[in-house]
Amino acid sequence: MATSSSSSVMSAILVPHNRWDSSISRGRRSLVRVNIPVPAASVPLARFHPTAAAARWLGDLRDGNSIELAYHNRNNNSMRQMKLKKKKKSDAPKAWKWSTSVSHSQQLKKWIPCCSSLSRNCYGETTPFPLPKSAQPFFLHKSRFPLATHTFSSSQFFQGKRFCSPCATVGPDEPHAASTTCPDGLLENQNFDSLYPQLQTSELEEFLSTELPSNPKLHRGQLKNGLRYLILPNKVPPNRFEAHMEVHVGSIDEEDDEQGIAHMIEHVAFLGSKKREKLLGTGARSNAYTDFHHTVFHIHSPTCTKDADEDLLPLVLDALNEIAFHPKFLSSRVEKERRAILSELQMMNTIEYRVDCQLLQHLHSENKLSKRFPIGLEEQIKKWDADKIRKFHERWYFPANATLYIVGDIDNISKTINQIEAVFEQTGLENETASPPTSSAFGAMANFLVPKLSAGFAGSSSHERSSNSSDQSKILKKERLAVRPPIKHNWSLPGHNTDMKPPQIFQHELLQNFSINMFCKIPVSKVRTFRDLRNVLMKRIFLSALHFRINTRYKSSNPPFTSVELDHSDSGREGCTVTTLTITAEPKNWQNAIKVAVQEVRRLKEFGVTKGELTRYMDALLKDSEQLSAMIDNVSSVDNLDFIMESDALGHIVMDQRQGHESLMAVAGTVTLDEVNSIGALVLEFISDFGKPTAPLPAAVVACVPKKVHIDGLGETEFKITASEIISSIESGLKEPIEAEPELEVPKELLSPQQLQELRMQQKPSFIPLSPEINVTKLHDKETGITQCRLSNGIPVNYKISKNETRGGVMRLIVGGGRAAETSGSKGAVVVGVRTLSEGGRVGNFSREQVELFCVNHLINCSLESTEEFISMEFRFTLRDNGMHAAFQLLHMVLEHSVWLEDAFDRARQLYLSYYRSIPKSLERSTAHKLMLAMMDGDERFVEPTPKSLQNLTLKSVKDAVMNQFVADNMEVSIVGDFSQEEIESCILDYLGTVRASRDSEREPEFSPILFRTSPSDLQFQQVFLKDTDERACAYIAGPAPNRWGFTIDGKDLLESVADIPITDEAQLHSEEGNNVQKDLRRKLREHPLFFGITMGLLAEVINSRLFTTVRDSLGLTYDVSFELNLFDRLKLGWYVISVTSTPSKVYKAVDACKNVLRGLHSNKVAPRELERAKRTLLMRHEAEIKSNAYWLGLLAHLQASSVPRKDISCVKELTSLYEAATIEDIYLAYDQLKVDEDSLYSCIGIAGVNAGEGAMASLEEEESNEGFQGVIPVGRGLSTMTRPTT
């Protein structure tokens, strides 16, 4: 079921929701990632990211394949949520990539041996390990547009969607992992000894050969029927656990006439389970997904029921047993899921998906990965009957071919094992017998592919248990993966392949920019010894230097490339390690872009990293490692589980964060500069030595290009490119002269002690009373731990001391105004101004490079964004080595000494111009764009700025638009972290208290009023048609709503009227008669400022559930439908949006069905069970996030904001009781404030196809044809090929 982020607990009291992020940086930056399989050493500067609920404050660091740590985005902890959101990687201009928003606990696992290169979630999204802060500008930019944050992508990672790792699991000797390593002798034959530098002493050699320690809390075992299980006690979140059943079968196991059948079984088995349905009232969440190599069914559940205190683990295990091994293939369910999958197939078939398919097809042209995408083939999906599906299930779905994972708040391991045995032990034990698996079962491929059924998991844990007995051979019905097909790879090793494939060109009318990928494919090297870890660390240092260099070297306003990314990472789903150089550029610059990228790779390969770079990145890695090690008890269960799955699939040792840090410290001292440069150079040989006989051949070179491009003065022109031209451009980069990299001077501080002392003398900072009514300088709430204070310059500050994230902290500055403050003469000024500030990256006398390296050294991550009503900056920092002081210094310098550069402004404006011109190439974006313009009466503040508006802007106008909002009493700063009162108040006084109270320039006048279009209107129903080779359809339905605090656009204060409505007896039939306490709670809710925030959130959950049940499940009109509320805080309005994907033949019926559900709440009353389920969903989400600093940062937002006067401490303290007090009557009071009548509702249907729109109304492209368009293409490998979650 699609859930709404706006219905989350956070949304009821926090800063505005994610809206369209149309500025995600798309500029001339590079991205570099490398898998580092160590628990505690993330890339410097990029490791701190907010939770899913706070994802609005950060964007997506990654836009394609880059050198990646195996970090899995765990923001998808709830059911599938396809919103009006576009993939960050393709929906906006980018100057650098954004780091995915994750909780502290989510990043903690990213280093543990988990080297999965492209971690794909249920939406096919690739989530990166956060990059070195050096890799990013000193603050990330993340400005937004309204509808856009929800949509459009099959893989948006924000707010509550369930993330599904593509990892396999059971151990290094399993077939799905075995093919990732070299056959015996292969590496030796290819002279890979150079990967291991000569050791000078026998003691060092002995140490480096020692096996890494394994997680001591990991319990592994195996039942008599072959089912393997893994148990890991973990207290985060408390009183909950994850249970995942991984069946080792995926699309790679399908025959030619079965393409998509594994995914079909996933749907039918999961949604057909009655035992799973019984869990819906317990607060459990469940889902499923399919990939190349496995199918996973997962349930996130409380440990016990709320009222009866019944242990839920047996019920969860029983449900998984039924789903995986005892499904009922009813014809009715098969037909229902057939319709859903066909709809999913069309929904997935975006240009991003098609690019991903092209990349994988050419990268793996020699094996089945190139033609076994999990979604399957439409013509085959339409044909299968229940018997065909059942036979595939019988072949692959048996206990010996599965692994059960249980990670969570479990105290009694023995009891858990007994519960597993009680549920699963008899499954698969039948009269038929077979011999146990042996190596001879696979003939010549035995050593490469044969699974070994030894007790436990190949000895990788000290806690192993096996139910195997001497007579196991008599009871095993089937051998584990006895017929799994091998995956053959043509490795990119010197001498291994002598025939170079010519560059492949994929040309499509929906592509806007040029992109090229150069692939190198080698076997996975397991990380099991200290030497393995040391090698990965050296690669990380080497490639981090490359990323920073490319990121900072090119500063012209017409950069040669949009982005350069280098990815070196392991992939369990593909069974190999792939190095990818991805270059994107405007089509006119493609040749120069290739030349420059190749030139920079050569420079690093030839001259290596400098001593300063080695010291800098090593120090940052170790600091970060120490920080994450200290947070070992804050890792969430789902993060631990995903990490273990991928580690086992790749054969890596599984360490915890503390072990990882200790291991990293142990090997760090043995690293030398020569070895770093030597091992790093090997990674780059396929590029730097391209064409040489000794160089490894690229596995593939794939260019994805548009068919036509816009040229100023000429309009649309055919884009021509040949394979020989691509090779010539690569060769030209090899011939360019290169010089060694100079050392950079890195500042230790941005404000010297002398400067700070002078500021104190001038400004005399102090705390003043919060208000005339409250004559205290600090207001501390003991229950929440929140302290409120106000500085003498007028800046209000909220802070909370939290031990949840050891020695870590977060800080957020919120400035009232945002895009709403743009005037008719400065449309787009705020969003372009914020982008300009982040593009420039300079403060005071410090260059961008110096500021970025300052952040690297202090492990600071900073993001900058603009929304419709706010500008915000968020900092994440460590308290080690004066990290908090450094973060406050940076904030002070941004507020007082920002440098506005003309070339940065030119880049920002060009990025938005390119983005606007790319809208007609996206069905979802153009459909939503048209809807918003209609509903908001053409108000450009809620959509992307037009080319005309952009051309009218100047550097002065955008600077004034932004900085005039940075006035003391218009700002609010909130801080949460593991600091003392003395530490935080010292920083507040020194760095915030010394900020000037006002600006020299006058403030902008009040923003123009915001109005919905007068209804009825002939624009209430519209259509968009997009020419495409394949058919697709989507639709958006929207209408007015109040804001979070009960204010409406026409000036009404609904809270006052609601408080006067008497509480009826009927609403309390389910409570104890005459319960005055309950009545008092209800009355309190009615009078509380959060009444509409609470009730609207619950209403959204109910509507989402009904949309799924009716439009998807019963009518089969869509695969994905969702309802979301956008409730503003400062602006006196809000709106709701229903997004639905369908086929051209069904989309009109789907829209009508959605409208009927939306309007049907009075005729089909909300049932008590629906309300209770909604409450449990939101409260459990709250409980899961409450230990996150980023979540608390959101709770603190607006506590002292004059523009949000109704937010007070009670909105934090009483949140849980307010949800519990809500009744069905309250839900209807909220529902009645949504405008759902035909005159108020707006809808827009988008249809793509060969004949789309013939004879119909003009498309956006036709309307804006005089502007032309350019844009950006999706990049990356296989980001969208994985199937969506089942629900």
Kindly give the heavy-atom pair with the smallest separation between [X] and [Y], and that separation in Å.
X: Trp900; Y: Thr836; value: CE3-CG2, 3.9 Å
X: Phe1128; Y: Gly1134; value: CD1-CA, 4.1 Å
X: Ala1038; Y: Met935; value: CB-SD, 3.8 Å
X: Gly833; Y: Val958; value: CA-CB, 3.7 Å
X: Val973; Y: Leu813; value: CG2-CD1, 3.7 Å
X: Ala829; Y: Ser957; value: CB-O, 4.2 Å

Side-chain heavy atoms of [X] within contact of [Y], under 4.5 Å:
X: His508; Y: Asp1028; answer: yes
X: Asn589; Y: Phe514; answer: no
X: Glu902; Y: Asp906; answer: yes
X: His1198; Y: Glu972; answer: yes
X: Met936; Y: Phe1012; answer: yes
X: Leu890; Y: Val851; answer: yes
X: Asp969; Y: Ser1202; answer: no
X: Ile1049; Y: Pro1040; answer: no

[X] side, atom [atom1]; [Y] side, atom [atom2] - distance, nearest 0.5 Å:
X: Phe870; Y: Leu1131; atom1: CZ; atom2: CG; result: 7.5 Å
X: Leu955; Y: Phe905; atom1: CG; atom2: CZ; result: 6.5 Å
X: Ile814; Y: Thr867; atom1: CD1; atom2: OG1; result: 9.0 Å
X: Arg909; Y: Gln951; atom1: CZ; atom2: CD; result: 5.5 Å
X: Ile871; Y: Met963; atom1: CD1; atom2: CE; result: 9.0 Å
X: Glu869; Y: Arg941; atom1: CD; atom2: CZ; result: 12.0 Å

Check your understanding: By side chain to side chain donor-acceptor pair (under 3.5 Å), which residues pair with Ser1240, not counting sequence neighbours?
Key ->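 Here the qualifying residues are Asp1237.
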**Study point:** Residues which pass side chain to side chain donor-acceptor pair (under 3.5 Å) with Thr717, listed by chain and number, not counting sequence neighbours
**Key:**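 In terms of side chain to side chain donor-acceptor pair (under 3.5 Å), with neighbours along the sequence ignored, Thr717 is linked to no residue.
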Review point. Less than 6.0 Å separating the ring centroids of Tyr1242 and Trp1135?
Key: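 Not under 6.0 Å, so no.
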**Study point:** Derivation and outcome, side chain to side chain donor-acceptor pair (under 3.5 Å), residues Arg1032 and Thr350
**Key:** CA-CA 8 Å; Arg1032 295 173 57 237; Thr350 61; 5.6 Å; no
Ignoring hydrogens and angles, tell me if any N or O in the side chain of [X] forms a donor-acceptor pair with the backbone of [Y] under 3.5 Å.
X: Gln512; Y: Leu510; answer: yes
X: Arg835; Y: Leu911; answer: no
X: Tyr1136; Y: Ile1037; answer: no
X: Thr927; Y: Cys1244; answer: no
X: Arg1013; Y: Ala934; answer: yes
X: Arg848; Y: Glu839; answer: yes
X: Lys921; Y: Glu509; answer: yes
X: Gln1022; Y: Leu931; answer: no
X: Gln1020; Y: Ser1017; answer: yes

Practice item. Report the C-alpha distance between Leu923 and Cys1034 in whole Å, list the side-chain angles of each, state the deciding distance to 0.1 Å, and finish with yes or no for side chain to side chain contact (heavy atoms under 4.5 Å, CB included). Key: CA-CA 8 Å; Leu923 180 66; Cys1034 68; 3.9 Å; yes
**Study point:** Chi angles and distances behind the side chain to side chain contact (heavy atoms under 4.5 Å, CB included) call for Asp1129, Asn1043
**Key:** CA-CA 6 Å; Asp1129 289 286; Asn1043 79 354; over 6 Å; no
Check your understanding: Looking at Glu822, Glu944, Glu940, which one forms a side-chain hydrogen bond (donor to acceptor under 3.5 Å, both in side chains) with Ser949?
Key -> Glu940
Exercise for review: Could you please spell out the steps behind the side chain to side chain contact (heavy atoms under 4.5 Å, CB included) verdict for Val894 and Phe966?
Suggested key: CA-CA 10 Å; Val894 171; Phe966 281 74; 5.5 Å; no
Practice item. Tell me, yes or no, whether the heavy-atom count around Lys1027 atom NZ, taken from other residues, nucleotides or ligands under 6.0 Å, exceeds 12. Key: yes
Exercise for review: Kindly indicate, with the supporting measurements, whether the criterion side chain to side chain contact (heavy atoms under 4.5 Å, CB included) is fulfilled by Arg925 and Ser918.
Suggested key: CA-CA 9 Å; Arg925 284 165 52 200; Ser918 71; 2.6 Å; yes
Review point. Ion pair present between Glu874 and Arg812, side-chain N to carboxylate O less than 4.0 angstrom?
Key: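 A salt bridge is present here (some side-chain N lies under 4.0 Å from a carboxylate O).
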